[in-house]
Every structure is written in C-alpha cells, then in structure tokens.
Protein chains: 2
Amino acid sequence: MALPFKKRVMIVEDDQEIRNSFNLIVNSSQKFMVVNAYGSCEEAIDNLNRDKPEIVLMDVELPGMNGIQGTKVIKDKSPHTDIVMVTVYEDSELVFEALKAGASGYITKSANYMELLAALEEIVKGGAPMSSRIARMVIDNFHVNPNSPLTKRETEILQLISEGKTYTQISEELFISKETAKTHIKNIYSKLQVNSKSEAIAKANLEKLI
Amino acid sequence: MALPFKKRVMIVEDDQEIRNSFNLIVNSSQKFMVVNAYGSCEEAIDNLNRDKPEIVLMDVELPGMNGIQGTKVIKDKSPHTDIVMVTVYEDSELVFEALKAGASGYITKSANYMELLAALEEIVKGGAPMSSRIARMVIDNFHVNPNSPLTKRETEILQLISEGKTYTQISEELFISKETAKTHIKNIYSKLQVNSKSEAIAKANLEKLI
DNA sequence: AGTTAAATACCGAAATATGCGTGATAACAG
DNA sequence: CTGTTATCACGCATATTTCGGTATTTAACT
C-alpha cells in the first residue's frame, strides 16, 4: 500500500463540484486519503470490497438508492466502516432514519475545510461528529415530557406495560390486586385515548411519557 | 443587573475544590458569570427562583438528591434552563437517565479550562456539548441491528405491532388475511421467544430490531 | 430436480385483555 | 375543613390474542 498510515475515505456524492471539493480537502490532510469518489450508492457498493474504506462520506440525497438505504447496505457488508452523512437539510426525520441505518456522524454541506477534517478526526478518535443543531435534536429526542397527564402510579404501570408485563405480573410486582392494575390501565387508556397495551406504548413513546 | 450581557451560570457540585475551580473558570469568561454555586440539589432548587440561572453545571454524584433527580426538578420548575451534566463516570445507564431527565449536555470532570467554556458556548448556540465517547454512545443507541433473525415481512409486521395496530388493522394494511397476520406474529414470537405483543415490542427495542 | 425458506391461509380451544359499571379510602390543596 | 385527585378493589360480558396444529404456493439455492 502506498500510504499505509492514512485512513481510507470513500466519497459518495452526485454533485461533481462538491465531490471534487471534498476530494481535495480530504487529500490535503496528512491523515486521510480518498480511495475513491462515486456519484451513486450502487457504484460505491459494487466497489466496497476493493476500496475497503474505513470512513465513508455519504450524501443523503442521491439519484437511485438514497444515502440512507446505501448506509444500511454498506453497514451490512462492512460493519466496521464508519459512515458520516453529509447533507444540506437538517430535517429531523431524515436525521433519525440515517442514524438508525447506521450512520456515525451527520454534518452539513456548508461545512468548511476545517469542519470537514475535524469531523473525520472526531470519527477516528471514536466520537460522533454532528452539527450543533443535530446534536441538540438527538439529545432532545431523549427528553421525557415533564407535563405528562399521567399520575406517578400510572406512569409506573405504563413503564411495566412497555416492558411487556401482563396484568398478573404487574399486580404481583406492585403488590396490588389484578383488578387494581386493570383499573389503572383503564385510566391510562382513557387519558391517552387508546385501547390496547401496544397502542399505549406507541403513544407513550411518541409523547415521551416514559 | 450589574452585568446584563453575561449568561447566568449556576454550579451544583459537592466537592468544594472542583466547585471553586469551576467558579474561577466560568467567571474568567467575558460571556458567563456564576450566579451561585451549591453543594447540593436541595439548596440549588431552593434558590432557583432568585438565582434564575440560564445554565446549570450539574454534578451527577451528589449527597442527598442526585444530579439526575435534581435535573428533573429543575427542568420542571424552570424549563428553559439548560443543564449540563458534569461527571467522572461515563456509565451508559447514567448517561441515558440524565438525558431523559432533561440534560442538554454531558461532559467529564477531566474537562479543562477551554473545554468547559467551549461546552457553555455550545449550549448558548443551541447545541448539545458531549464528550466523544458519549456522543458515540448516544448515536450507537439509534443504530438498528442488521443481524435481525426476522424476515423482511416479519420486521414489517413487528413495526406495525409497535405502532399499536391490531391483527385486523395489520391484515388490512398489508392486504393479507387476518389468519396470515396471525401466523407471522406467531413466528415472530417464536423467534424472539416472547408471547405477547408488548413483550415483542420490548424485545424489539432492546435488541434494536426496529 | 430437489430442498429450503418465506409468505400465504385456515381452524378450534384456551388464555388474556378490554369495556362498562360501582364504590371505598387516603392524601393533598384551596 | 371540604372538594378533588390518586389509589385501590370487585364483577360480568365481550373482544382479542395466543397456542398448537395443518397446508399450499412461490422464489431461491444447490
């Protein structure tokens, strides 16, 4: 290998100008080298085994297979490759989809020279580079709603429901009768306007009640 | 107000040395001022209305009420106050508990002068300061397991179950008979070794199958 | 061509959960 | 001190889910 100490970076980006620009920036670094740059996920995936990238800079919006689907495939074929999404949009649904697909970072195309290299460095040291807005988006996603309509006991029971417990198990765990558990659950359903355990779990997750 | 342009920072930390050290660092900045530093959440909460902090630097391990419980209370009483957890440990359970409680950042006590101020700056610009390891921990938490034992169809159905759908709704949505939906769900249960929808959801979340 | 995996479909019995009542007691706030 | 809320408890009818089978078709793989 010509440059054994440089981390191998693959670029997937359909806009040729941006692709060239990323290429130049990455290759300007002593620590990274571009092994290849492609205009589509399909091409990138076809050459994955030969290129053996350690890091992929992946555009989200792409013709054909999009960056999120591509991330899934690449992660499946090469689990140790770290993928950094690069996008113009910071749409929350896309961000979470990309993270679920296996992305380890999410930066914007407005990222300048320094920011792009900083993101790569961050990946190498085991971090997860994100723009400020995305970091906040991700963190906010964890926050539990403090204005829950449920009482403490109801929340406790909803928690047990979300763990897959039956009426009987819940009543045993809380030292109350099965009938009482039933009543609490009935009240939970009424407050959340649902009529089954799984619907209650879905709503609880949606409104971050647990 | 004496210094109207400085962001008001409250410190909650039981170790007096660290408390003083943070105090000096924060006050050394042109952009931040320490409104008060307490050794316990109880004291901090009692003085919340008077101190009106915009940012709280919160120790996790504290005598009496711990930093996570304290975060919940402060977020409840003062939702717009941003809380940054400061800790020696990067234990994953604690991190997620803190984030659920409402923390907007999570840094380690090893943070030096620059890092601490950088975290405060990051909060001000709407971000979420985190150490590299914690950022990765948080991102990894989103990743879906690519080695799911379930087939595509089963995963699709598990997804619908997690949205609270009934057998009938699932069969209608997928244009299959109720009996077929039943069979798929039976197979899902067998593969996941569970025996109810909510247990399946719990296991799916635990093993990141959806 | 033969095997396997996946998706489809049906049945009946048993177990759970849900809907709609009622009502008592304790704790908390105005 | 009184009204409200939370927690607890019971019963019956109905609905839904789960268990344990069987079985056909199609696509993929060897």
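So you know, we letter chains A, B, ... as the sequences are listed, proteins then strands, and number each from 1. What you see below is based on every heavy atom in this structure, not just the backbone, and it leaves out hydrogens, waters and symmetry mates.
- The only member of B:Val144, B:Val138, B:Ile139 that meets side-chain contact (heavy atoms from CB on, under 4.5 Å) when paired with A:Leu99 is B:Ile139.
- With rounding to whole Å, B:Lys197 atom NZ is found 8 Å from D:dT16 atom C1'.
- When B:Lys7, B:Arg8, B:Lys6, B:Lys31 are each tested for a salt bridge (charged side-chain N to carboxylate O under 4.0 Å, His left out) with B:Glu54, only one passes: B:Lys7.
- Residue contacts shown for B:Tyr167 include a base, since a base heavy atom lies under 4.0 Å away.
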Reading 5' to 3' through nucleotides 6-11 of chain D, protein heavy-atom contacts under 4.0 Å coded B for base, S for sugar-phosphate only, - for none: SSBBBB
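- Distance CG (B:Leu158) to P (C:dA6): 16 Å, rounded to an integer number of Å.
- A:Asn195 has its CG atom 11 Å from the C1' atom of D:dA15, to the nearest Å.
- Between B:Phe96 and A:Phe142, the angle of the ring planes stays under 30°, which puts this pair in the parallel group of the 30/60° scheme.
- At whole-Å resolution of the value, CG in A:Leu160 and P in C:dA17 are 13 Å apart.
- As a whole-Å value, the separation of B:Tyr189 OH from C:dA15 P is 17 Å.
- Here the side chain of A:Lys52 pairs a donor or acceptor atom with the backbone of A:Asn49 at under 3.5 angstrom.
- As rounded to whole Å, 14 Å separates atom C1' of D:dA15 from atom CD of B:Gln169.
- Going from atom CD1 of A:Ile161 over to atom P of C:dT16 covers 16 Å, rounded to whole Å.
- Every pair tested for ring pair (Phe, Tyr, Trp, His ring centres under 6.0 Å) that includes a residue from residues 154-210 of chain B fails, sequence neighbours excluded, so the list is empty.
- With hydrogens and angles disregarded, no donor-acceptor distance shorter than 3.5 Å links the side chain of B:Glu173 to the backbone of B:Ile170.
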